[in-house]
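Counting convention: from 1, in listed order, for ligands and their atoms alike. Since this is a predicted model, take the numbers as computed values, not measurements.
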Amino acid sequence: MGVTARAQPNIALIKYWGKRDSNRNLPAVGSISITLLDLYTEMCVEFDSESGHDTLTVNGDDSPALLPRVVRCLDDVLGENRSRARVTSSSNFPIAAGLASSASSFAALVVAASAAAGHERSTAELACLAGRASGSAARSLYGGFVELQNENEAILVDSILDGDAWPLRVVAAVTATEAKPVSSGEAMEISRKSSPFYARWIEEQPMDLATARDAIAVRDFGKLASIAEHNCLKMHSVMWASRPPVVYWNSATVACMQAVRELHESGVGVFFTIDAGPQVKAVCLPDDEARVVDVLSQVAGVEQVLVSGIGTGAELVASE
Ligand code: 2P0
């Protein structure tokens, strides 16, 4: 019997960058994100007692490259002595291009696999399992504004504000859709080993988290805009100063940042953030969405503009 779960990607406002334990995939810093509503990944898990191996199909094609991570995640969720599984994934947005598809994929996978095996797990347990597969996936188990705390030996994830309580909008300007040259996991390790700014990044993160938490608590858009842009540029500065340098941006990325800055200066409620890819995510007030879409759609090099509200966490969608 196949079990399907759906999860949305999340966009970090205060970023996760760096691991303190790469074997257990524990992050070196806490992070704060918003879970999206309109972009999603569905994962169907179906056990196949006849088969000697797992299979993975992504958007209709076999995906041998991603299979080992999926197998490890299934082993984590179900134990190594398990039936083999047929895993089918579909996303309604470009994957592996800095739109957080690993977050939505692994969040959906742990929910589907756990339910398919009849396990009853709390959201917190599922978040820890998702986080072992992909650090940011832990946040997609929850909706709204989500904080991942990185203290003690485990991660602790929770929603700090419902999306309905502050219904910001996200406009994602897609500037390239090919897979990224270096995975975020590899790039984080390059940063940790070689960036002269890495230690300072880790040291300052609690301050940035506190500022963002305060801004979210009182819905102070200007304060959130300022700390989110600062934290994003600081993370990319860590990457740029690494050896080899890790540069995910293209010229359209920079043009979109400038367009967002100009909008902001003209009084539009908007700020940008950029993850491990060339896409620019503009977070804006609902009344300013149309203007932001209009401006970003016209930036040279922007292939597509995706719009989303803030959504809920991963959940089961169907059993057949
Ligand atoms: C984030 N990113 O907080 C940051 C900002 C990218 C830049 O989390 O190695 O795919 O699988 O734990 O979760 C992307 O990293 O990394 C990410 P792994 P993941 O959203």
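Residue contacts with ligand 1: Ser134 is placed with a nitrogen or oxygen under 3.5 Å of a nitrogen or oxygen of the ligand (distance criterion only).
Under the salt bridge (charged side-chain N to carboxylate O under 4.0 Å, His left out) criterion, Asp61 pairs with no residue, sequence neighbours left out. Partners of Phe145 according to the ring-ring contact (aromatic ring centres under 6.0 Å, His included) rule, which considers only residues two or more places apart in sequence or in another chain, are Trp166.
Each of the atoms 9 (O) of ligand 1 lies under 4.0 Å from some heavy atom of Gly185. For ligand 1 and Gly135, the ligand atoms under 4.0 Å from any heavy atom of the residue are 11 (O), 12 (O), 13 (O), 18 (P). Ligand 1 places these atoms under 4.0 Å from at least one heavy atom of Arg139: 1 (C), 3 (O), 20 (O). Those atoms of ligand 1 with a heavy atom of Lys19 less than 4.0 angstrom away are 9 (O), 12 (O), 18 (P). The Arg69 neighbourhood of ligand 1 comprises atoms 11 (O), with distances under 4.0 Å to a heavy atom of that residue. Proximity to Asn25 (heavy-atom distance under 4.0 Å) selects the following atoms of ligand 1: 12 (O). Of all atoms in ligand 1, numbered sequentially from 1 with element shown, those under 4.0 Å from a heavy atom of Ser184 are 10 (O), 14 (C), 15 (O). Near Ala12, meaning under 4.0 Å from any of its heavy atoms, are these atoms of ligand 1: 1 (C), 3 (O), 20 (O).
Heavy atoms of other residues, nucleotides or ligands lying less than 6.0 angstrom from NE2 of His264 number 12 at most. In Arg291, the CZ atom is not crowded: 12 or fewer heavy atoms of neighbouring residues, nucleotides or ligands sit closer than 6.0 Å.
Between Asp275 and Lys281 there is a salt bridge, with a side-chain nitrogen of the basic residue lying less than 4.0 Å from a carboxylate oxygen of the acidic one. The pair Arg132-Asp75 does not meet the salt-bridge criterion, since no charged nitrogen lies less than 4.0 angstrom from a carboxylate oxygen.
The closest protein non-hydrogen atom to atom 13 (O) of ligand 1 is Ser136 OG, 2.6 Å. With respect to atom 16 (O) of ligand 1, the closest heavy atom belonging to the protein is Met188 CE, 3.6 Å. Among protein heavy atoms, the minimum distance from atom 5 (C) of ligand 1 is reached at Asp275 OD1, 3.3 Å. The protein heavy atom nearest to atom 8 (O) of ligand 1 is Tyr16 CD2, 3.0 Å.
Note on ligand 1: Ser102 sits in its first shell, one or more heavy atoms being nearer than 4.0 Å. Using a non-hydrogen distance threshold of 4.0 Å, Glu186 does not register as a contact of ligand 1.
Looking at Arg169, its side chain never comes within 3.5 Å of a backbone N or O of Leu285 through a donor-acceptor pair.
Between Tyr248 and Trp17, the ring-plane angle classifies as perpendicular under the 30° and 60° cut-offs.
For the residue pair Thr211 and Asp208, no side-chain donor N or O sits within less than 3.5 Å of a side-chain acceptor on the partner. Checking Asn231 against Gln205 by side-chain atom types alone, a donor-acceptor pair falls below 3.5 Å.
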